[in-house]
There are 2 protein chains.
Amino acid sequence: MAVSIYKVAEVAEVSPRTAYRALNNEPHIHPQTRRRVLEAARRLNYQPNIHARNLVLQKTNTIGIIFPDSRNPVFGEFANFIDRRARSRGYDCYFLHSEGEPDREAKFLNLVFYSSVDGLIVFPNFLDVNRELYSQLIVNRIPLVLRGGPELLLGVDNVTLDLERAGHLATRHLLDLGHTHIGILNSKFAMGHLPGRIVGYQKAHQEKGLPVHPAYQIDCGHRLEDGYRAIGELLARQPQITALFCHNDYLALAAFRVAREMNRRVPHDLAVVGLDDIELGQYCEVPLTTVSHMKVQEAETLVDLLCDRIETPDHPPRRVVLKPELVVRESCGVHLARG
Amino acid sequence: MAVSIYKVAEVAEVSPRTAYRALNNEPHIHPQTRRRVLEAARRLNYQPNIHARNLVLQKTNTIGIIFPDSRNPVFGEFANFIDRRARSRGYDCYFLHSEGEPDREAKFLNLVFYSSVDGLIVFPNFLDVNRELYSQLIVNRIPLVLRGGPELLLGVDNVTLDLERAGHLATRHLLDLGHTHIGILNSKFAMGHLPGRIVGYQKAHQEKGLPVHPAYQIDCGHRLEDGYRAIGELLARQPQITALFCHNDYLALAAFRVAREMNRRVPHDLAVVGLDDIELGQYCEVPLTTVSHMKVQEAETLVDLLCDRIETPDHPPRRVVLKPELVVRESCGVHLARG
DNA sequence: CTGAAAGCGCTAACAT
DNA sequence: ATGTTAGCGCTTTCAG
């Protein structure tokens, strides 16, 4: 059916070996012959069968990236940056979304065993549920880089944002603006993410000598509707809250609608700070103040750690912790405070 | 390195053929033997090498989906629905983003020739630039489904939204609310999309006996910043405009920020209608009135056409045109008009 | 500079 | 019920 290297060789009247030499820029071939082969290949629109190649080379030059969710635009941005870096290192990307289903995550983790990809970058959601599978990857020394999470899985390359700092930056900003009743959203997933952010939130309060109210925290799923519901509930129960720290920008966007429905204006009657710095945050009605996720740097580090691991499997594991920065825009009303 | 079926056979003390029978639920095998093989496979964590399999079967059970852009969340939603349907038909999905670069689109189109995927669903951006490559796909009878676009490429399965109807629905809605100066954004890409929407926009005006002002149209790229700039420019030049029809919801979101910066309130001083019905449109500060893209149905049709084509290559090509519906929320202020 | 031949791991036609 | 064997298309060792 498809045109193979044998067909090209036949048309060019050479052996497959010679055709191969021409097609792969190997030396020791007469320029004339090379031209004949390339011409035949072009005419036949020859494309090497990638499965045959991967089968013999035992390598795919493809990496898999497992995201938790396809709705949150932050992962689209990550995908972009990861793809760019991977490409420059000679790898293609296979993007996968577990969509909150442990089974899908598991299925994707198994891809490496099918030899589909040379390694995996995982934004894990179900480190606990799929614990056994993760250990299996580690035992088999599969190239793997985890994004986020604490140092649970020893021996695995890891890149994380300093979430304590993120929580601290966001909270201190709000405290500095005079807020004393600050609500905070907690992710249900992403083990280890919660503690960091909360610790930073608490420390910032302590530094100002202010109390932390447990009732100002609320658990929240990762879907927009979850954010909408959780924020509505929190503000209804604790109307004295004047500021909100959301654990991602996507969810923070839902806060705007909640505020409007409660006849509160952002930032005047409700300050909002997010986390991630998604593109939309710049262009929504009230540009969003947020803690930046250092996405470009994070993406590059993830790719580099993985490719290094693939190419030299035997170096010691690394853990890279990135320092987030506060991006002040308008959703906390600095301009008001100044006036 | 990796464990092959030969290794499993060896451990289970049977021939590879028998191991194969056990692992693939073939009949004619003693239950006892089957159990022994499966047990060995489990112990060794055997996973069939997918490249060897694809090589011999000449089939991957994978389809490629080429999107134009990874930023616009609408494609994340499409990905989700496409994935669900494909899965139920026994195919995995390989999602790709051309990111506004013709070369990337071209590269991805070539994937079929590498036998990487069994067929392609394309949201084309560069039908013109890559014309030759598209013809090559068609000549070689590669399973291909195009989303959108007019009947440019004959003989290719195609699913499209009735964009004339979309333009008409949006415009009539605004006219019915009393707007007579309606701005409209034009996509630079997506040949054929423009005419439909504009025709509907014009027809709606004609039906009311109202003139169409060419100066109310403005070209606009697909990035958020393009929308922000274009909308700002349009409203600055034509301040009498009181309503805006954006060719997608993502861009429409930028209108909110522009409005705020011009001290106009949405919907009071500026009505906005989008196209796509993305999830965010429901949860942004002023829930967005939009024309729905029928994404679930569209995704299912795309997958079905492609899978049908893969499985029975010889039926005549089909073109499916979907009817969009208006989704009225608050960004055009119906509730105000009623008052 | 060119070619013959084996092998990657799986599948399947054909024995036994 | 089980086994032998060839072949998918590419890469590569080894000869010429």
For A/Tyr20 and D/dC10, is the shortest distance between a side-chain N/O and OP1 or OP2 below 4.0 Å?
no
Look at A/Thr18 and C/dG3 and indicate whether a side-chain polar atom (N or O) is within less than 4.0 Å of OP1 or OP2.
yes
Quick one: salt bridge (Lys or Arg N to Asp or Glu O under 4.0 Å) partners of A/Arg36, sequence neighbours excluded?
none
Pairing residues for B/Asp83 by the salt bridge (Lys or Arg N to Asp or Glu O under 4.0 Å) criterion, not counting sequence neighbours
A/Arg104, B/Arg87
Roughly how far apart are B/Ile121 CD1 and B/Leu144 CG, rounded to 0.5 Å?
9.5 Å
Taken to the nearest 0.5 Å, the spacing of A/Ile5 CD1 from A/Glu10 CD works out to 13.0 Å
Which of D/dT11, D/dG9, C/dT2 is nearest the side chain of A/Leu55? It is D/dG9
Give a yes or no on whether a salt bridge exists between A/Glu39 and A/Arg42, defined as a side-chain N under 4.0 angstrom from a carboxylate O.
yes
Lys/Arg-Asp/Glu bridge criterion (N-O < 4.0 Å) met for A/Asp157, A/Arg319:
no
Assert: residue with more 5' nearest nucleotide on DNA chain D, out of A/His51 and B/Glu13, is B/Glu13
Go through the side-chain N and O atoms of [X] and [Y] and say whether any donor and acceptor fall under 3.5 Å apart.
| X | Y | answer |
| --- | --- | --- |
| A/Asn49 | A/Arg53 | no |
| B/Asp92 | B/Thr62 | no |
| B/Glu105 | B/Asn125 | no |
| B/Thr60 | B/Asp118 | yes |
| B/Asn158 | B/Thr160 | yes |

Using a heavy-atom cut-off of under 4.0 Å over every strand shown, decide if B/Tyr114 touches base, sugar-phosphate, or nothing.
nothing
Is B/Ile50 touching bases, backbone alone, or none of the nucleic acid, heavy atoms closer than 4.0 Å?
nothing
Report the distance from atom [atom1] of [X] to atom [atom2] of [N], rounded to the nearest whole Å.
| X | N | atom1 | atom2 | value |
| --- | --- | --- | --- | --- |
| B/Asn49 | D/dC8 | CG | P | 18 Å |
| A/Asn54 | D/dC8 | CG | P | 19 Å |
| A/Gln58 | D/dT12 | CD | P | 12 Å |
| B/Gln47 | C/dC10 | CD | P | 11 Å |
| A/Arg53 | C/dG9 | CZ | P | 18 Å |

Kindly give the atom pairs (protein nitrogen or oxygen, nucleotide nitrogen or oxygen) under 3.5 Å for nucleotides 13-16 of chain C.
residue, atom, partner, partner atom, Å
C/dA13, N6, B/Arg17, NE, 3.0

Looking at A/Arg309, A/Arg318, A/Arg85, which one forms a side-chain hydrogen bond (donor to acceptor under 3.5 Å, both in side chains) with A/Asp304?
A/Arg85
Should we count NE2 of B/His315 as having more than 12 external heavy atoms under 6.0 Å?
yes
Evaluate whether atom CD of B/Glu101 has more than 12 neighbouring non-hydrogen atoms of other residues, nucleotides or ligands under 6.0 angstrom away.
yes
So how far off straight is the helix from C/dC1-D/dG16 to C/dT16-D/dA1, going by the axes through five pairs at either end, to 10°?
40°
Those residues of residues 22-44 of chain B lying under 4.0 Å from DNA chain D by at least one heavy atom:
B/His28, B/Ile29, B/His30, B/Thr33
For DNA chain D, what residues of residues 4-12 of chain A have any heavy atom nearer than 4.0 Å?
A/Ser4, A/Ile5, A/Tyr6
